[in-house]
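No experiment lies behind these values; they were computed from the predicted model shown.
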Amino acid sequence: SDARIGRHREPPGAAARAMTHTPELRDFVAAWEELRTRAYQDVAGVWTIGYGRTTDVQPGDTCTAEQAAVWLDESLAEYGDRLQAYMTREPAQQQYDALLSLAYNCGVEAIGDSGVMARFNWGLDQECADRFLMWNRSGGREWNGLTKRRRGERRIYLLGAYDARP
């Protein structure tokens with residue numbers, strides 16, 4: 001049970017150094033999120049545009065591919081800064097990228113307070129990677145695409161392999 005984890009959050013900057021995402025991660029996320037230049041509702045009913053942007057999106061909004069790419073980099077940087085506040089040890093680049101992809105898709109706070117992050121902080125890397133596979137539900141049901149994405153993120157975390165695509 002995760003009740004024994006004692007979810008303690010260190011102050012921002014708890015990890016030894018500030019990190020940023022790689023171009024490989026940006027390409028991975030872009031492939032899984034799929035460019036949509038018109039606002040749409042995702043499977044959970046959230047208004048979304050570009051490569052999974054949900055901030056300030058309204059029905060009828062549009063964007064260019066260029067704007068969507070800028071938003072994705074900005075969002076990944078912002079999510080990464082927030083995610084690092086939950087890290088009590090310094091991640092390898094591939095671990096950081098995998099956790100960031102998961103947080104981008106599922107929410108920083110949800111992942112920061114999860115068993116995934118607790119196991120990362122404890123240095124239980126295999127258990128942490130295996131926990132990615134539990135995050136394959138949205139709108140109350142399991143999604144094959146999310147299962148495939150979680151397997152891809154797990155490969156990034158363990159192997160540094162960014163090759164999984166939808």
Side-chain angles (χ1 to χ4, degrees), residues 7-121 128-129 131-132 134-139 145-146 149-150 152-157 160 162 164-166:
R7 294 185 166 91
H8 173 70
R9 189 175 339 168
E10 294 292 326
R17 64 183 171 93
M19 297 188 73
T20 188
H21 63 279
T22 61
E24 292 83 5
L25 179 74
R26 181 192 55 238
D27 295 346
F28 176 89
V29 171
W32 285 97
E33 293 292 341
E34 185 183 354
L35 175 62
R36 302 280 291 271
T37 58
R38 292 187 178 277
Y40 68 98
Q41 287 183 289
D42 70 9
V43 296
V46 177
W47 283 100
T48 307
I49 197 168
Y51 292 108
R53 180 184 175 92
T54 58
T55 305
D56 299 323
V57 180
Q58 302 296 322
D61 285 354
T62 62
C63 71
T64 64
E66 294 77 16
Q67 182 62 63
V70 169
W71 284 340
L72 179 58
D73 268 327
E74 289 173 352
S75 293
L76 288 171
E78 187 257 323
Y79 276 56
D81 288 346
R82 291 173 40 216
L83 187 65
Q84 288 176 74
Y86 293 90
M87 295 178 172
T88 60
R89 71 179 180 107
E90 186 173 324
Q93 184 67 55
Q94 69 199 45
Q95 294 170 330
Y96 175 80
D97 280 352
L99 289 163
L100 179 54
S101 178
L102 183 65
Y104 185 75
N105 192 229
C106 300
V108 172
E109 291 76 19
I111 300 308
D113 287 333
S114 74
V116 172
M117 186 60 71
R119 282 157 183 80
F120 165 77
N121 285 331
C128 175
R131 285 280 173 133
F132 277 66
M134 298 170 68
W135 291 82
N136 65 346
R137 302 180 72 83
S138 183
L146 289 177
R149 181 172 176 165
R150 299 293 94 91
E153 290 161 343
R154 185 177 178 276
R155 282 179 48 79
I156 293 171
Y157 187 95
Y162 293 75
R165 294 294 186 268

Between [X] and [Y] (side chain of the first, backbone of the second, donor and acceptor by atom type, cut-off under 3.5 Å), is there such a pair?
X: E153; Y: L100; result: no
X: Q94; Y: Y157; result: yes
X: Q67; Y: T64; result: no
X: N121; Y: T88; result: yes

How far does [atom1] of [X] sit from [atom2] of [Y], to the nearest 0.5 angstrom?
X: Q58; Y: D56; atom1: CD; atom2: CG; value: 7.5 Å
X: I49; Y: Y40; atom1: CD1; atom2: OH; value: 9.5 Å
X: L25; Y: I156; atom1: CG; atom2: CD1; value: 6.0 Å
X: R165; Y: W32; atom1: CZ; atom2: CH2; value: 9.0 Å
X: R149; Y: N105; atom1: CZ; atom2: CG; value: 4.0 Å
X: C63; Y: L35; atom1: SG; atom2: CG; value: 6.0 Å

For the residue pair [X] and [Y], what are the closest heavy atoms and their distance?
X: A39; Y: V57; value: CB-CG1, 3.8 Å
X: F132; Y: R154; value: CD2-N, 4.3 Å
X: W135; Y: L102; value: CB-CD1, 3.9 Å
X: E90; Y: F120; value: C-CZ, 4.3 Å
X: R131; Y: G115; value: NH1-CA, 4.1 Å
X: L146; Y: S138; value: CD1-CB, 3.9 Å

Derivation and outcome, side chain to side chain contact (heavy atoms under 4.5 Å, CB included), residues H21 and V29: CA-CA 11 Å; H21 63 279; V29 171; over 6 Å; no
Taking the side chain as every heavy atom from C-beta outward, state whether [X] and [Y] have any pair of such atoms under 4.5 Å apart.
X: E24; Y: D97; answer: no
X: M117; Y: L83; answer: yes
X: M87; Y: Q95; answer: no
X: R137; Y: V43; answer: no

E109/R82 ion pair, N-O < 4.0 Å: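 Salt bridge present between E109 and R82.
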Lys/Arg-Asp/Glu bridge criterion (N-O < 4.0 Å) met for E33, R26: no
Under the salt bridge (Lys or Arg N to Asp or Glu O under 4.0 Å) test, residues paired with D42 that sit two or more places apart: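 D42 satisfies salt bridge (Lys or Arg N to Asp or Glu O under 4.0 Å) with no residue once adjacent residues are dropped.
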Pair Y86-D113, side chain to side chain contact (heavy atoms under 4.5 Å, CB included): steps then yes or no: CA-CA 8 Å; Y86 293 90; D113 287 333; 3.5 Å; yes
Working for side chain to side chain contact (heavy atoms under 4.5 Å, CB included), residues Y162 and R155: CA-CA 7 Å; Y162 293 75; R155 282 179 48 79; over 6 Å; no
Residue pair T37, T62: steps toward the side chain to side chain contact (heavy atoms under 4.5 Å, CB included) verdict: CA-CA 5 Å; T37 58; T62 62; 5.8 Å; no
Centroid-centroid distance, Y79 to Y104, less than 6.0 Å: yes
